[in-house]
Amino acid sequence: MSVSIRVTLPDGSVREVPSGTTAREIAEGIGAGLARAALAARVNGTVWDLDRPIDADATLAILTERDPDALELLRHSSAHILATAVRELFPGAAIGFGPPIENGFYYDFQVDRPFTPEDLERIEAKMGEVAARDYPFVREVVDRPAANRRFADDPLKLERISELRDDETITVYTDGPFQDLCRGPHIPRTGRLKHFKLLSAAGAYWRGDERRQMLQRIYGTACFKKDELDAYLHRLEEARKRDHRRLGRELDLFMFHPSAPGAAFWTERGTTLYNLLVEFVRERQAGAFKEIKTPLMYNKMLWELSGHWGKYRENMFMVLNKETNEADASLKPMNCPSHYLLYAAKKHSYRELPLRFVTFDVLHRNEVTGALSGLTRVRQFAQDDCHVFLSEGQIADEVSFLMDFILGYYRTFGLEASLKFATRPETRIGSDEMWDRAEAALRAALEATGMPYELNPGDGAFYGPKIDFDVTDSIGRSWQLGTIQLDYAAPERFDLVYVGDDNAEHRPVVIHRAVSGSFERFIAILIEHFAGAFPVWLAPEQVRVIPISDAQGDAGRRLVERLQAAGIRAHLDDRNETLNYRVREGEVGKVPYMAVVGQREADSDGLALRVRGAGKKQDVMSAEAFIARVTDEARTRALAP
RNA sequence: GCCACUGUAGCUCAGUGGUAGAGCACUCGAUUCGUAAUCGAGCGGUCGUCGGUUCAAGUCCGACCAGUGGCUCCA
């Protein structure tokens, strides 16, 4: 005896079908084409396997390749197919987790030896076979004892099973010879996987815990269409080409040397770029901020007061005391404590608040070797660091002020930032009333911008809530750049006070603010963002003057002098090379403007302008007009060319 | 710090146990050119470092250093 259920389709129509009918059967009832295209179903808003019986009234939509959720499904199933292949080639491999991720999927294995690149090729070929065998993905609901029996040989899975709550449904998915503990859902058959590639193998701690054993992770990606896969691989290649480490060398901006791992050497051009950024921040901060400099090295008295000596010591470069032979001093890893000392050194009136200390001092953090990476993760760097001392009543206005400052800064570079609002964590200091006020003030300032923001409940610092500014780079990596953090703890710890209009001492609040994060990392992001083709105001070399032949050498030299006198970073390329060769070098070197001087231009006190990236198209103009153009673009910090 | 991979000329790379190679860059010479690589010659490496195996090591083994991809962490 079968009970009927009512299934509502996206167009609003209702089908009455026997309980236990699958989405596939309903799709077949709608049309053979839909049934062929079907990958899964969305039942009451949740993605289900196509062949899972539906036993109650439901809304149902058939998922095809076109559905945004389908790709995740394919990639999750790809991970299973990867595991299927690995198990065939490495029968003893224990399996960890295999989820879909942003651009593909991975699976973790416990194997006797790590995978080699050759293994990856074999595994990829085997995945093709598994897909071609077109196994169905079969879902089964099992009870705990059955699950334990099935994965008796697999300690990782047994550990996972033991953590499942009793009220959780345990499901097992099987494709051909491979079964996996998995919540699903999956594509109906392995044959639906056609376009995939394994990308890399790497170690990864089991459960992401560095105290647990290391598993071998294989990363891969999969798409529904070949051109999508090709496009993704092409994107990876493009990202590799604009990698700041490669461009940093090619454009002669910086280098690293084994003598100073994690600390950059800046060339003349790189230093020009670095200083231009610092100058830009200085210019924007002029007036409202007070730039200060504090020592780079401190004895442990300060770090004990700040708490770093206990919690952050591992990351600090220690300095040995010659007499006691003990490490009792350190290079500063952060500016905050020294700013507090300077603040506390004299009495402050409420009239001075908000008082904004900014600095570009050099910081050192002893990052573990494996964490270092180009300019994005270094041991020596400088932040555009600011600490604001203010009264609690000034928070809302101050946060608005700082947000405008930060967003305007990013806008200059054409960078899009997304905002995150992190609220009180479980372990925190201060009263609930204090947190209520702080969060309300931050939130009000956030909403005043009208920008969308993501809520990160519980992610605030123990000393106060914060707003983080994330920027996404060309490779799709997201970087936390700026931050606005309220700090109620530091003023207590350092006993910071100001004198109020009641002539009594009051506790200020501190706001930590950074805009670029660190200049080093920000430059890395800019290099990749612009692919090395900096806007005129930032380009280390703005103009390259190229006399066509020796006869125009003097005219070229005069032009360079004139440009330099106008404050333009111009260089002469009068080398004994062909015009074509020198133009090519200018293009490859991403110089925004090439000013070519032939006899006609030499006679008329002009130049033939070639704009970076615009090809052969040239624009003959007077030196005067050109100077006006370049200085204007530099002054306004225009993004083009 | 952990796992794997990589390290040969300034750069990109070839060289799988038998006398170190190519292209570009650089230097010199010729060429004086109208918008993405002119021609020729030359210079340049104790093959990351140290140790081991071997008659013989860039090549095989070990340790260390550095880089890369991840994990952990993070500006």
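In what follows, every chain begins at residue 1, and chains take the letters A, B, ... in the order their sequences are listed.
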Phosphate OP1/OP2 of [N] contacted by [X] side-chain N/O (<4.0 Å):
{"X": "A:Tyr312", "N": "B:A75", "result": "no"}
{"X": "A:Ser200", "N": "B:G70", "result": "no"}
{"X": "A:Tyr581", "N": "B:A25", "result": "yes"}
{"X": "A:Arg600", "N": "B:U35", "result": "no"}

Go through the steps for A:Asp385 and A:Asp361 under the test side chain to side chain contact (heavy atoms under 4.5 Å, CB included), then give the verdict.
CA-CA 9 Å; A:Asp385 213 357; A:Asp361 283 351; over 6 Å; no

Checking only heavy atoms, does the side chain of [X] share a donor-acceptor pair with the base of [N] at less than 3.5 Å?
{"X": "A:Tyr205", "N": "B:G70", "answer": "no"}
{"X": "A:Glu585", "N": "B:A25", "answer": "no"}
{"X": "A:Arg365", "N": "B:C74", "answer": "no"}
{"X": "A:Arg610", "N": "B:A36", "answer": "yes"}
{"X": "A:Asp550", "N": "B:U32", "answer": "yes"}
{"X": "A:Glu601", "N": "B:G34", "answer": "yes"}

Steps toward side chain to side chain contact (heavy atoms under 4.5 Å, CB included) verdict (A:Glu520, A:Tyr274)
CA-CA 8 Å; A:Glu520 281 73 6; A:Tyr274 198 113; 2.9 Å; yes

Contact nearer the 5' end of RNA chain B, comparing A:Leu579 with A:Arg584
A:Leu579

Of all the choices, B:U38, B:G69, B:A75, which nucleotide is nearest to the side chain of A:Arg245 once you look at every atom?
B:G69

Side chain of A:Arg377, heavy atoms from C-beta onward: which of B:A75, B:C71, B:U35 has the nearest atom to it?
B:A75

Any stacking of A:Phe381 on B:A75, going by centres under 5.5 angstrom and planes within less than 30 degrees?
yes

C1' atoms of B:A57 and B:G15, separation to the nearest Å
14 Å

Does a side-chain N-to-carboxylate-O contact under 4.0 Å join A:Glu250 and A:Arg246?
yes

Using the ring of each side chain (for Trp, its six-membered ring), is A:Phe519 parallel, tilted or perpendicular to A:Phe360, with breaks at 30° and 60°?
tilted

